[in-house]
Amino acid sequence: MRKNKEEREKKNWIPRGSSGWPLLGETLDFIACGYSSRPVSFMEKRAALYGKVFRTHILGKAIIVSTDPEVNKVVLQNQGNAFIPHYPKSISELLGKYSILHINGPLQKRLHALIGGFLRSPQFKAQITRDIEESVRHVFSTWMQKQDRRIYLQEESRKIAFEVMVKTLMSVGRGEDLNLLRTEFEEYCKGLISLPVKLPGTRLYKSLKAKDRMLKVVRSIIRQRKMAALEEKQGMNGLLNDVIDVLLRDTFESSAAEEAQPRLPLDSIGENVIELMIPGEETVPTALTLAVKFLSDSPVVLARLLEENMELKRQKAKSGDEYYWTDYVSLPFTQNVISETLRMGNIVNAVWREAVKDVKIKGHLIPRGWCVLTSFSSLHMDEANYENPYEFNPCRWEKTGASVNSNTFTPFGGGQRLCPGLELSRLEIAIFLHHLVTTYRWVAEDDDITYFPFVRLKRKLPITITPLVSA
């Protein structure tokens with residue numbers, strides 16, 4: 001009787017909602033909304049019926065969805081002791097046992113801090129700014145070779161982002177290795193959302209084989225770094241050039257004070273480098289493409305962006321100085337355009353977590369073993385948080401200011417798993433926009449955005465470019 005009473009009380013605390021159809025749940029409606037122009041309508045309908053926290057059944061799992069910023073904050077900050085990352089089976093199969101995207105506790109915190117510290121270091125910022133500029137100029141130079149000067153911006157932005165990402169992770173420049181990694185990584189990503197079947201010929205099997213071929217390249221680089229460090233007899237105490245150096249140094253350092261701290265196994269460094277490519281592959285190129293689309297539809301915003309960036313270009317031409325990281329991130333309106341693009345784009349629209357114990361938040365019970373989906377897109381498109389949320393209006397950030405750090409603006413996640421590369425991502429977008437608007441005029445063709453399974457432009461955003469006379 002006591003057990004039955006506890007179960008009844010527990011059910012009363014579980015958020016209200018619907019399980020939908022047998023087996024299918026509400027998956028079909030969820031996917032249909034993802035292909036519509038208003039993907040948050042799935043969340044909006046149910047939030048109106050059951051409240052900002054509700055339960056549903058999608059993609060084969062019973063889950064609790066939160067569109068409440070305070071609940072989202074608690075879920076994101078209680079990492080490891082109450083919630084752990086949860087991914088679809090296909091993604092879990094493609095991630096290694098010691099993947100930084102999967103691990104929890106002290107080791108995750110340590111790796112997150114090490115990588116984040118490196119990406120924020122003055123040495124890295126100075127070098128990566130030059131690398132991004134060079135990659136942008138290289139891709140731009142190929143545009144003028146096209147007879148009709150018509151390009152697909154989604155593809156071109158991927159070239160830039162991938163080159164910068166590989167340079168950041170393993171210092172690989174243009175050449176055979178970069179081309180091989182690009183080809184195999186595209187094959188690898190195709191299996192992220194697929195049936196979790198590893199039989200020969202299946203999508204997941206092909207992606208795992210692509211990962212093996214990438215690992216050969218990455219592990220070869222790691223071996224060369226180790227040998228060079230041994231020959232120089234200084235271990236990994238030299239300058240850190242990329243994430244591989246960061247992970248290698250942490251693996252080999254063994255001071256008495258840090259002996260007891262958990263470390264990433266040497267054999268898993270290669271896998272982690274590949275898996276760190278996944279977030280960068282989605283966020284930056286999609287944001288670049290969406291920014292150009294939104295600007296193309298907003299001539300007043302584009303004119304103001306051009307004015308700000310042309311002023312910076314004139315200053316640099318007059319002084320003869322090179323561009324620095326601070327030059328790009330100090331462009332206030334450009335940063336507002338980036339924030340508004342990230343808000344409306346909802347490239348990372350939610351994260352999944354699994355409760356490792358019963359958790360009560362704001363009167364809602366999330367039972368142990370249940371998944372909770374913290375919806376970011378619902379916050380970004382809520383009229384209570386943003387006036388006219390479906391209007392591209394970078395000026396709203398001049399009024400809100402500190403909102404870029406609030407619970408209602410979470411394009412890079414939050415808590416202990418806040419994306420360590422968020423500053424790098426914003427820099428890359430700022431550099432691309434600066435050189436694009438000060439070098440070309442363009443006319444974009446009509447294109448639609450799809451949001452499932454990833455944010456994409458249906459036609460890859462074709463644009464026709466015309467060089468500026470002053471460029």
Side-chain angles (χ1 to χ4, degrees), residues 3-20 25-26 30 39-88 101-106 108-109 112 343 346 348-386 389 402-419:
K3 184 177 180 182
N4 289 338
K5 183 181 178 182
E6 290 173 354
E7 289 296 323
R8 285 196 303 272
E9 289 177 349
K10 181 181 286 190
K11 287 180 180 179
N12 291 334
W13 284 99
I14 295 175
R16 296 182 303 136
S18 170
S19 298
E26 298 186 295
F30 177 73
V40 294
S41 59
F42 178 88
M43 310 296 182
E44 289 173 341
K45 291 176 187 175
R46 286 151 185 81
L49 284 171
Y50 309 115
K52 287 191 173 184
V53 181
F54 59 89
R55 61 178 172 83
T56 181
H57 193 286
I58 55 174
L59 304 176
K61 290 195 75 71
I63 67 166
I64 290 171
V65 176
S66 168
T67 64
D68 185 314
E70 294 178 11
V71 173
N72 287 2
K73 181 180 179 180
V74 173
V75 172
L76 294 172
Q77 289 185 341
N78 282 272
Q79 190 64 45
N81 61 337
F83 297 97
I84 58 174
H86 180 87
Y87 299 101
L101 304 178
H102 234 163
I103 57 175
N104 298 287
Q108 186 273 330
K109 291 180 184 178
H112 190 280
R343 182 192 69 82
N346 290 303
V348 180
N349 55 37
V351 297
W352 293 59
R353 295 290 184 262
E354 181 180 333
V356 295
K357 62 182 180 182
D358 289 352
V359 184
K360 274 187 180 180
I361 309 173
K362 288 186 70 175
H364 303 291
L365 173 66
I366 302 173
R368 181 172 63 88
W370 277 52
C371 286
V372 57
L373 183 150
T374 59
S375 176
F376 301 151
S377 54
S378 297
L379 305 181
H380 295 161
M381 308 309 287
D382 190 339
E383 290 185 356
N385 301 325
Y386 300 95
S403 288
V404 292
N405 299 314
S406 76
N407 296 336
T408 59
F409 184 64
T410 50
F412 295 99
Q416 296 172 13
R417 290 184 178 269
L418 177 69
C419 176

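Between Phe412 and Leu418, the closest side-chain pair of non-hydrogen atoms falls below 4.5 Å. Within the 4.5 Å cutoff, the side chain of Leu101 has no heavy atoms near those of the Pro85 side chain. Under the 4.5 Å side-chain criterion, counting only non-hydrogen atoms from C-beta, Asn72 is not in contact with Asn407. Residues Lys109 and Pro106 are not in side-chain contact: their nearest non-hydrogen atoms beyond the backbone lie 4.5 Å or more apart. Arg343 is not listed as a side-chain neighbour of Thr408, based on a closest heavy-atom distance of 4.5 Å or more. Side-chain contact between Thr56 and Phe42: present, with at least one pair of heavy atoms (C-beta onward) separated by less than 4.5 Å.
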### Message
The test is side chain to side chain contact (heavy atoms under 4.5 Å, CB included); show your working for Val71 and Lys52 and say whether it passes.
### Response
CA-CA 9 Å; Val71 173; Lys52 287 191 173 184; over 6 Å; no
### Task
Step by step, work out the side chain to side chain contact (heavy atoms under 4.5 Å, CB included) result for His112 and Gln416.
CA-CA 8 Å; His112 190 280; Gln416 296 172 13; over 6 Å; no
### Task
Apply side chain to side chain contact (heavy atoms under 4.5 Å, CB included) to Leu373 and Trp352, showing your working.
CA-CA 5 Å; Leu373 183 150; Trp352 293 59; 3.6 Å; yes
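None of Ile366, Val372, Ile58 except one satisfies the side-chain contact (heavy atoms from CB on, under 4.5 Å) rule with Ile63; the exception is Ile58. For the pairing with Met43, the side-chain contact (heavy atoms from CB on, under 4.5 Å) check across Leu379, Asp382, Thr67 returns one residue only, Thr67. Paired with Glu26 under the rule salt bridge (charged side-chain N to carboxylate O under 4.0 Å, His left out), one option of Arg55, Arg46, Lys45 passes, and it is Arg46.
Below 30°, between 30° and 60°, or above 60°: for Phe409 and His380 the angle between ring planes is between 30° and 60°, a tilted geometry.
In this structure His364 satisfies the side chain to side chain contact (heavy atoms under 4.5 Å, CB included) test together with Pro15, Val53, Lys362, sequence neighbours excluded.
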